[in-house]
Amino acid sequence: MKNNILILIVFAFVFKVNAQETIIFPNQERRVITTGVPFLLIAPDARAAALGDMGVATSVDAFSQQWNSSKYAFSETKSGIGVSYTPYLSKLVNDIFLGNVTYFNRLDERSAFAVSLKYFSLGDIEFVADEFSEALIQRPNEFAIDASYALRLSDQFAMSVAMRYLSSDLRLPGLGGDITAASTFGVDVSGYYQSEEEAYSDFNGRWRAGFAIQNIGPKFKYDEGGEENFQPTNLRLGAGFDFIFDDYNKVSVTAEVAKLLVPTPPVYGFVDADSNGTQANDGSEPTIIVEGRDPDVSFLSGMFQSFGDAPGGFSEELKEFTWSLGAEYMYQDSFAFRAGYFNESEEKGARKFLALGAGFKANVVNIDLSYLFSASKIQSPLENTLRFSLTFNIGAGEYNEY
């Protein structure tokens, strides 16, 4: 949709996102952590979205690259290709979307590799200087190219390292400045544990657990004089259990917590400010940190600092964790029904939603769908959005883990 002023507003906000620019006065409590390239935090596949935006400890699938690539070492399928499509702001426009393509290959009993492309398009934006000028069409976009290698260190545990190239081309005419396409690189480190199937009183069961530290990499900026942006470095921890009732019925439950490893915006104030943070008459600028720690640090220092820099202390640090709960019912490995819930503190973004989804398998093709219902006062850009994923399995059942 062209000539939509709302897109310009949304785009300007995305372009200005910077964890160091947030100015919060002493009487304000909301301190939302913001980063560059936030599209990396959007769940790209329908299965993970249906489970409440989780995937670090769920069973392996074609899209594990986006959550925990070490899971590929446990794939019973030799290789696979996953394609997904997620409309964004679908209630307002029809040309903003997130697309993903992933390919994985299990090399042998111990190792696997994967590559993927994640592409976020902000649609067509039309600029017209005056009624006599020809319209200029801009298509701002961001993308990430990943490659990972997973290795099983034991029969039940694997680790993986993933490398990522990031490009963020948000150039728009008329914004001023020497704006160029920003680029940088990132690294993921992850691990996954999957127990053997064990017999219990009325069913068999299997434990799962995983961790991932994603988007570890240097800060970046869009122009020479601009501010540096943190990548959305993210810690994920999760665990789950599979209830295997018989050869046809299985129920999997999983829980996950996540935290951005990015400095919390401090509380800024004015020199000689009053108790409400009102500026004095001496022309002073809000550059004095009243509470918290200076966010102008390297990305490595920021990762460690993020565990103890919240102005509100330990209680605020706990609010920076998001959590998800998800359940999946699988019938004969052919049909799946999923449900999940995602929760984020009101003071840290207020993302809360319920998701439902289903999956179907026909020969070597998997089709997954999901739908999101917002449970927050703040409307989600993915509310009432149907997501779609398609997986092609090559060599299914070639590796038998149990």
Would you kindly say whether [X] and [Y] are connected by a side-chain donor-acceptor distance under 3.5 Å?
X: N141; Y: S121; result: no
X: T254; Y: R208; result: yes
X: N343; Y: K352; result: yes
X: K71; Y: T58; result: yes
X: Y72; Y: N105; result: no
X: E316; Y: T264; result: no
X: E197; Y: N204; result: yes

L261: which of F299, F307, F304, F230 passes side chain to side chain contact (heavy atoms under 4.5 Å, CB included):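 Among F299, F307, F304, F230, the one meeting side chain to side chain contact (heavy atoms under 4.5 Å, CB included) with L261 is F307.
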Heavy-atom pair of closest approach, residues R31 and P265: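 In this case the closest contact between R31 and P265 is CD-O, 3.2 Å.
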Shortest non-hydrogen separation from V56 to G238 and the atoms involved: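 The pair with the smallest heavy-atom distance is CG1-N, 3.6 Å.
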For [Y], is there an ion pair with [X] - N to carboxylate O distance below 4.0 angstrom?
X: K221; Y: E228; value: no
X: D155; Y: R110; value: yes
X: D309; Y: R293; value: no

Picking from K259, R351, K319, what satisfies salt bridge (Lys or Arg N to Asp or Glu O under 4.0 Å) with E344?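 That would be R351.
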For S324 and G52, indicate whether the former's side chain and the latter's backbone hold a donor-acceptor pair under 3.5 Å.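 Present.
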Side chain of R106, backbone of S75: donor and acceptor closer than 3.5 Å?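 Yes; judged by distance alone, with no hydrogens or angles, the pair exists.
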Parallel, tilted or perpendicular: which one describes the rings of [X] and [Y], with boundaries at 30° and 60°?
X: F245; Y: F243; result: parallel
X: F203; Y: Y200; result: parallel
X: Y192; Y: F74; result: perpendicular

Do you know which of Q231, R236, R164 makes side-chain hydrogen bond (donor to acceptor under 3.5 Å, both in side chains) with Q214?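 Among Q231, R236, R164, the one meeting side-chain hydrogen bond (donor to acceptor under 3.5 Å, both in side chains) with Q214 is R236.
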Do you know which of S59, S252, S195 makes side-chain hydrogen bond (donor to acceptor under 3.5 Å, both in side chains) with D242?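 With D242 as partner, side-chain hydrogen bond (donor to acceptor under 3.5 Å, both in side chains) holds for just one option, S252.
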